[in-house]
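A, B, ... follow the sequence lines: proteins, then strands. Residue 1 opens every chain. Being a predicted model, the structure only gives us computed values, none of them experimental.
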Amino acid sequence: MNENAAPAAGDAPVTDLGPNFIYDIIEDDLAHGFGRAIHTRFPPEPNGYLHIGSAKAIWINYSAAKKYSGLFNLRYDDTNPVREEDEYVRSIEEDLRWLGAVPDGGIFYGSDYFQQCYDFAEQLIREGKAYVCDLNQDEMRAFRGTLTQPGKDSPWRQRTPEESMDLFRRMKAGEFADGTRTLRARIDMASPNMNMRDPVLFRILHAHHHRQGDAWCVYPMYDFAHPIQDAIEGITHSLCSIEFENHRPLYDWVVDNIGFEAKPHQYEFARLNITHTVMSKRYLRELVETGRVDGWDDPRMPTLCALRRRGYTPSSIVSFVRRAGVSKAYSNVDIRLLEYCIREELNAGALRRMAVLDPIRVVITNYPEEKEETFPIANNPLDESAGTREVAFSAELYIEREDFAEVPPPKWQRLRPEGEVRLAGAYIIRCDEMVKDTAGNIVELRCTADLETRNEKPADGRKVKGTIHWVSAAHAVDAAACLYDNLFTLENVAEAPEDTNYMDYLNPESLLLRPGCKLEAVLADAQPGERFQFMRMGYFCKDTKNENTWNRIVQLKDSFKLE
RNA sequence: UGGGGUGUCGGCAAGUGGUAAGCCACAUGACUUUGACUCAUGCAUUCGUAGGUUCGAAUCCUGCCACCCCAACCA
């Protein structure tokens with residue numbers, strides 16, 4: 001396949017993300033006798049649905065494994081019982097597989113390693129590298145110091161290993177209340193890196209875990225559990241986003257002090273931001289919980305399930321991630337790049353159909369009222385093998401309201417009073433008369449057709465530049481279409497004061513439901529999720545939840561520029 | 001005022017001492033029974049900034065500036 005050709009909708013995404021510093025690191029390791037098969041992982045916390053930003057993290061890890069013949073794990077990072085739910089676990093695997101990232105190294109749960117985490121903690125206590133601290137949360141904060149001032153040692157820092165061991169076991173046994181004690185690493189309270197100021201390893205949490213039930217009342221912190229999970233699974237390259245850069249020294253401390261032979265290493269990349277798009281899980285959850293959207297798969301959401309419902313393909317999303325690139329620099333990728341990626345793919349394969357989203361009636365006055373005929377129209381002019389379909393024509397039609405201008409702007413090519421235009425695949429018509437209602441709205445156009453021009457050039461050689469789409473009134477099916485500006489957008493955020501509630505800046509019109517659309521009859525048989533190009537209107541897909549509704553995947557580029 | 005990062009075209013992003021790739025966006029023209037698609041052309045004398053080293057610097061050195069992350073018993 002031509003490397004530059006757009007994949008057909010439904011093709012498996014290309015694995016390789018192209019040259020980037022992550023691949024460079026791995027190649028450098030391999031060149032120096034790495035001695036182990038590359039092994040990566042995607043470790044989401046099951047506290048929300050995957051979004052397009054997750055797709056970047058997934059694909060960086062997945063593609064790194066595939067490119068170097070390694071394995072890729074899915075691991076639920078479920079070390080905090082109060083935030084995690086099974087609903088999210090199910091959705092994560094579904095979305096991961098839909099994207100095309102096969103977890104061929106296995107699917108794991110961080111919570112399955114609780115016992116090992118506990119055992120390693122006892123080991124650290126025994127070796128004097130960890131201690132039980134009785135400071136409460138406020139006291140601990142006070143002892144931690146600030147960004148510019150070193151912290152002070154906890155009064156419990158010199159506790160003997162024996163005493164800490166006894167206390168830690170009693171913590172596990174449930175003798176103490178939440179927040180009364182923690183297990184801390186003995187590192188350096190004066191470290192300029194806050195993460196190294198005796199970080200908490202285990203905390204007491206009498207909470208029900210979505211998988212472990214009530215088996216535990218002490219839970220490991222991310223910074224302790226994550227390197228252990230990676231090491232146990234044999235992860236070689238732990239690729240995460242850049243906000244964890246400050247945690248790497250602690251990650252290494254855990255790996256080194258527990259004494260893992262095969263050490264995993266953490267590398268960081270910049271997370272994905274897209275212009276005008278809310279990407280924070282916190283806000284996405286808020287949108288769902290406050291009912292501002294219909295759910296995590298509301299087509300305006302940037303979640304993978306919403307993108308899927310809207311008609312985006314896995315390959316278009318991966319293509320987007322690839323084109324956006326992988327680096328460590330803060331970035332804000334133009335959402336038009338995403339739109340380009342899906343448009344590129346759909347243009348190559350989507351079947352063309354005529355649809356009128358905002359109809360205006362057209363009566364062909366010189367066409368017999370009872371007559372019907374059909375015209376064969378190409379399903380995809382770029383692909384002859386897509387064949388043709390017969391489209392019914394009659395004296396009463398609908399055209400798009402936007403395709404007529406009573407007072408046309410300069411360079412107008414479509415219908416105007418006294419003007420001619422081609423009905424795609426059929427006759428050239430001329431507008432003779434506008435019929436208006438009492439309010440002055442145009443309700444009907446009365447036109448004459450040049451009956452010699454049935455799908456051919458006029459014999460007299462005159463040029464008719466505009467071509468518009470149409471639908472026969474008697475043969476059309478009714479539907480509703482959802483039109484989107486783009487993903488759930490933030491408007492005027494630049495002007496927002498600090499501590500903004502971004503919910504106030506969400507664009508309320510990023511979804512517009514337009515009922516009363518007239519579609520070509522063949523579309524009645526379309527399956528939910530099938531993608532078509534509505535000629536001149538954009539790419540649409542039949543909604544998977546609302547049978548009679550069509551979601552606009554993306555507009556055609558520049559097609560409405562003159563308006 | 002500490003530490004860790006990052007700064008190359010409007011947005012991404014290559015480049016690792018030899019004289020600024022590519023993509024998106026944008027503009028112009030051609031083609032067109034989708035003003036789509038496609039095609040052609042244009043779009044950084046300059047790499048946050050000021051010095052320095054060098055025959056030669058986006059790439060090396062020094063100072064400065066801007067932005068991001070870190071003070072959860074979140075991940």
Side-chain angles (χ1 to χ4, degrees), chain A residues 18-20 43-45 47 77-80 82-84 110 133 135-137 140-142 144-151 178-184 190-197 199-205 218-219 221-223 225-226 240 242-249 268 270 274-275 281 320 322-341 343-344 347-348 352 354 377-378 380-382 411-414 421-426 428 453 455-457 464-469 533-538 555-562:
Chain A
N20 65 69
E45 180 180 21
N47 68 344
D77 207 345
D78 54 356
T79 55
N80 186 343
V82 303
R83 311 193 343 154
E84 297 140 11
C133 179
L135 256 27
N136 67 31
Q137 204 156 345
M140 196 180 291
R141 179 163 40 243
R144 187 156 35 228
T146 67
L147 294 177
T148 53
Q149 295 168 322
D178 289 3
T180 53
R181 278 178 237 267
T182 56
L183 181 74
R184 295 228 260 164
S191 171
N193 182 342
M194 301 295 290
N195 294 303
M196 299 299 271
R197 320 245 262 229
V200 172
L201 267 22
F202 262 90
R203 78 283 214 182
I204 302 171
L205 238 34
V218 289
Y219 290 90
M221 299 290 291
Y222 165 87
D223 281 316
H226 204 86
C240 65
I242 212 157
E243 63 265 31
F244 290 103
E245 212 158 24
N246 295 330
H247 295 246
R248 192 171 59 224
E268 309 86 12
I274 301 178
T275 56
K281 243 190 224 175
F320 169 71
R322 173 145 97 285
R323 286 171 189 273
V326 179
S327 76
K328 295 190 74 161
Y330 173 88
S331 67
N332 200 17
V333 180
D334 195 327
I335 193 164
R336 289 179 296 187
L337 181 62
L338 208 214
E339 294 175 346
Y340 168 84
C341 289
R343 217 188 275 122
E344 172 193 42
N347 177 55
R352 274 57 170 172
M354 294 194 288
I377 297 184
N380 183 343
L382 307 179
K411 296 187 179 176
W412 181 257
Q413 293 185 20
R414 286 168 271 164
V421 78
R422 162 79 62 181
L423 293 177
I428 289 171
T453 57
N455 207 9
E456 284 161 20
K457 293 205 182 345
V464 176
K465 263 210 142 184
T467 301
I468 65 174
H469 57 156
Q533 184 194 96
F534 290 178
M535 286 169 68
R536 290 188 33 78
M537 300 308 294
Q555 291 192 23
L556 294 181
K557 187 179 174 188
D558 285 353
S559 39
F560 305 99
K561 207 168 167 185
L562 287 177

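Using a 4.0 Å heavy-atom criterion, one finds that A:E268 contacts no nucleic acid atom at all. Among the protein residues, A:R336 comes within range of the sugar-phosphate backbone only, with heavy atoms under 4.0 Å from sugar or phosphate atoms but none that close to a base. Contact annotation for A:P249: no contact, since no heavy-atom pair falls under 4.0 Å across all strands. Heavy atoms of A:E456 sit under 4.0 angstrom from at least one base atom.
Looking at residues two or more places apart in sequence or on another chain, you find no side chain to side chain donor-acceptor pair (under 3.5 Å) involving A:R203. The side chain to side chain donor-acceptor pair (under 3.5 Å) test applied to A:R181 returns A:D134, not counting sequence neighbours. In this view, A:F320 satisfies the ring pair (Phe, Tyr, Trp, His ring centres under 6.0 Å) rule with no residue, not counting sequence neighbours. By the side chain to side chain contact (heavy atoms under 4.5 Å, CB included) test, A:V421 pairs with A:L415, A:I429, A:I468, sequence neighbours left out. Every side chain to side chain contact (heavy atoms under 4.5 Å, CB included) that A:A190 has, sequence neighbours left out, goes to A:P150, A:D188. Under the rule for a side chain to side chain contact (heavy atoms under 4.5 Å, CB included), the partners of A:M194 that lie at least two apart in sequence or sit in another chain are A:R144, A:L147, A:R197. Every residue two or more places apart in sequence or in another chain that forms a side chain to side chain contact (heavy atoms under 4.5 Å, CB included) with A:F244 is listed here: A:Y222, A:C240, A:S241, A:H247, A:Q266. Partners of A:N80 under the side chain to side chain donor-acceptor pair (under 3.5 Å) rule, at least two apart in sequence or in another chain, do not exist in this structure.
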- Task: Let me have a per-nucleotide readout for nucleotides 70-75 of chain B, 5' to 3', with B, S or -, counting only protein heavy atoms under 4.0 Å.
- Result: BBSBBB
Protein-nucleotides 37-41 of chain B N/O pairs under 3.5 Å:
residue, atom, partner, partner atom, Å
B:rC37, O2', A:N347, ND2, 3.0

At a cut-off of 3.5 Å, list every protein nitrogen or oxygen paired with a nitrogen or oxygen from nucleotides 11-14 of chain B, distance to 0.1 Å.
residue, atom, partner, partner atom, Å
B:rG11, O3', A:N332, O, 3.2
B:rG11, O2', A:N332, O, 2.7
B:rG11, O2', A:D334, N, 3.3
B:rC12, OP1, A:N332, N, 3.0
B:rC12, O2', A:A324, O, 2.3
B:rA13, OP1, A:S327, OG, 2.5
B:rA14, OP1, A:V326, O, 3.3

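Residue-to-nucleotide contacts include no donor-acceptor pair under 3.5 Å from the side chain of A:Q149 to the base of B:rU1. In terms of polar N and O atoms assigned as donor or acceptor, the side chain of A:E245 never comes within less than 3.5 Å of the base of B:rG5 in a complementary pairing. Judged by atom type and distance alone, A:R248 does not reach the base of B:rG4 through any side-chain donor-acceptor pair under 3.5 Å.
Two residues are said to be in side-chain contact when any heavy atoms from C-beta on lie closer than 4.5 Å; A:H226 and A:P43 meet this criterion. When side chains are defined from C-beta on, A:I377 counts as touching A:M354, because their heavy atoms get closer than 4.5 Å.
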- Item | Dot-bracket encoding per residue of RNA chain B, Watson-Crick/G-U cut-off under 3.5 Å, | denoting interstrand | .(((((((.[[[..)..(...]]].(((((.......))))).....[[[[[..)....]]]]])))))).....
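Residue order along RNA chain B, read from the 5' end via each residue's closest nucleotide, puts A:T148 first among A:N380 and A:T148.
Nucleotides B:rU54 and B:rC69, compared at atom C1', are 37 Å apart to the nearest Å. Of the C1' atoms belonging to B:rU41 and B:rC31, the separation is 15 Å, rounded to the nearest Å.
Screening A:Q413, A:R422, A:K411 against A:K465 for a side chain to side chain contact (heavy atoms under 4.5 Å, CB included) leaves a single residue, A:Q413.
One finds no salt bridge joining A:K281 and A:E45 here, because no Lys/Arg side-chain nitrogen approaches an Asp/Glu carboxylate oxygen to under 4.0 Å.
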